[in-house]
**Student:** 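To start, I am sharing the structure in question, which I have written as structure tokens.
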2 protein chains.
Amino acid sequence: MDVSVKGEYALRAVFELACRETDEPIKIAKIAERQQIPQKFLESILAQLKQGGFLGSRRGADGGYFLARPADNITVGDILRHIDGPTTPAQRIGQGEVGSDSPFPELWQKVERALSSVIDRTSFADLVVRWKENRARKVVNWDI
Amino acid sequence: MDVSVKGEYALRAVFELACRETDEPIKIAKIAERQQIPQKFLESILAQLKQGGFLGSRRGADGGYFLARPADNITVGDILRHIDGPTTPAQRIGQGEVGSDSPFPELWQKVERALSSVIDRTSFADLVVRWKENRARKVVNWDI
DNA sequence: GTCAATCTCTAGTAAATTGATAGAGAATGT
DNA sequence: ACATTCTCTATCAATTTACTAGAGATTGAC
């Protein structure tokens, strides 16, 4: 019931890209530095995210990564499922079907829906908005 | 974002005990057989659940395990958190606080609340009721 | 067309976690 | 005394996690 460090790194990296409004690529090294992520580890994560169709990249000087589609079209759930695997708690061997002789499949379904109602309804555009609001609120409080 | 096999075994074992309405202890071997759990592994799980205050036990012939409190007073969340550790996805090092310079703590809080709304509101008494309803429905369908 | 910067690909690896198993010891009821 | 059953300690193979090294492939600039 937890998110791997790798999953968190992936979220933070995508968030970093979503914060920029330009389409200019951002370098791995920059993201690693700003988000405090080991660079080599981040490289493999970004490659995986590109492979998943979430990011695009360009090599060479002035190369880097960028979002492959608008931030309001990438959800936290998209990234987590791609990096950490399926979020469903118990699609295991054994009595897997709802309506079977066990109360658990139904329970897992409820858990999944509850989880999904958060992570699949939160896009990176949402995260950026919330984050900006928070910063704005802070600044106002300081000013008064 | 998943439940360990150990966590599932724990839930199934407690469910098995909750299904019995008697206060008579049930043997490890019986639970292991009925729920298809490796017995030695189950032993350690039950010991841990006892240690957590959820179960009681008696040794000797006619010994076994039993619920330490009524089934409507033990939730799925209780068991999962005791066996699999805290269910919160990212109380890690680094920017941990809500309202910090990151949108994620707030997100994790939402995830946690969503999760909690299921697992902390589902008692084993609930599971037993649902399971019995399901069985009843099946039998009716067969009869018609 | 060379060069430096940057992504990309293949490997590897130490540490922790997971899912168990073995076997001796301690309590219980008869 | 004795069989039964829980309890405690120790161990372990396989997998996953978090991370690193280093050579190779592109790109844009000069």
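Below, chains carry the letters A, B, ... as their sequence lines are ordered, and counting in each starts from 1. These figures come from a predicted structure and were not determined experimentally.
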**Student:** So A:Ile45 and A:Leu49, do their side chains get closer than 4.5 Å, heavy atoms only?
**Tutor:** yes
**Student:** Whole angstroms only, please: what is the CD1-P distance between A:Ile28 and C:dC9?
**Tutor:** 11 Å
**Student:** What is the distance from CD of B:Gln48 to P of C:dT18, rounded to the nearest Å?
**Tutor:** 11 Å
**Student:** If you only use heavy atoms from C-beta on, which nucleotide in D:dA18, D:dT5, D:dT7 is closest to the side chain of B:Lys27?
**Tutor:**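 Nearest to the side-chain atoms of B:Lys27, counting from C-beta on, is D:dT5.
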**Student:** CD1 of B:Ile31 versus P of D:dT5: gap in Å, rounded?
**Tutor:**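 Answer to the nearest Å: 13 Å.
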**Student:** Roughly, in whole Å, what's the span from CG in B:Leu55 to C1' in D:dT7?
**Tutor:**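 Answer to the nearest Å: 14 Å.
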**Student:** Whole angstroms only, please: what is the CG-C1' distance between B:Asp2 and C:dG19?
**Tutor:**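 Checked: the CG to C1' distance equals 14 Å.
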**Student:** Is B:Tyr9 close to B:Pro38 at the side-chain level, that is, under 4.5 Å between some pair of heavy atoms?
**Tutor:** yes
**Student:** Tell me: CG of A:Leu46 to C1' of C:dC9, nearest whole Å?
**Tutor:**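 Those two atoms, CG and C1', are 15 Å apart.
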**Student:** Under 4.5 Å between any side-chain heavy atoms of B:Tyr65 and B:Lys27, yes or no?
**Tutor:**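 Result no, sub-4.5 Å side-chain heavy-atom pair not found.
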**Student:** I want to check something: taking the side chain as every heavy atom from C-beta on, are B:Trp108 and A:Glu8 in contact at a cut-off of under 4.5 Å?
**Tutor:**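 They are in side-chain contact.
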**Student:** Taking all non-hydrogen atoms of both residues into account, name the closest pair between A:Ala68 and A:Gly53 and its distance.
**Tutor:**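 Answer, listing the atom of A:Ala68 first, then A:Gly53: CB-O, 3.5 Å.
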**Student:** Does B:Lys50 have a side-chain nitrogen or oxygen under 4.0 Å from the phosphate oxygens OP1 or OP2 of D:dT7?
**Tutor:**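 It does, given that an N or O in the side chain of B:Lys50 lies less than 4.0 Å from OP1 or OP2 of D:dT7.
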**Student:** Could you check how far CD of B:Glu24 sits from P of D:dT5, rounded to whole Å?
**Tutor:** 14 Å
**Student:** If the cut-off is 4.0 Å, is B:Ser57 near the phosphate of D:dT7, judged by side-chain N/O to OP1 or OP2?
**Tutor:**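 B:Ser57 to D:dT7 OP1/OP2: side-chain N or O found under 4.0 Å.
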**Student:** Determine whether B:Thr122 and B:Arg130 satisfy the following criterion, side-chain contact (heavy atoms from CB on, under 4.5 Å), listing intermediate values before the conclusion.
**Tutor:** CA-CA 11 Å; B:Thr122 304; B:Arg130 281 182 210 164; 4.0 Å; yes
**Student:** Could you write nucleotides 20-30 of chain C as a row of B, S and -, 5' to 3', where a protein heavy atom under 4.0 Å of any base atom gives B, of only sugar-phosphate atoms gives S, and otherwise -?
**Tutor:** BBBB-BBSB--
**Student:** For B:Ile83 and C:dG19, what is the distance between atoms CD1 and P respectively, to the nearest whole Å?
**Tutor:**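 About 12 Å, once rounded to whole Å.
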**Student:** Among A:Val76, A:Val3, A:Ile119, A:Leu80, which residue satisfies the side chain to side chain contact (heavy atoms under 4.5 Å, CB included) criterion with B:Val111?
**Tutor:**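 Checked A:Val76, A:Val3, A:Ile119, A:Leu80 against B:Val111; only one passes side chain to side chain contact (heavy atoms under 4.5 Å, CB included): A:Ile119.
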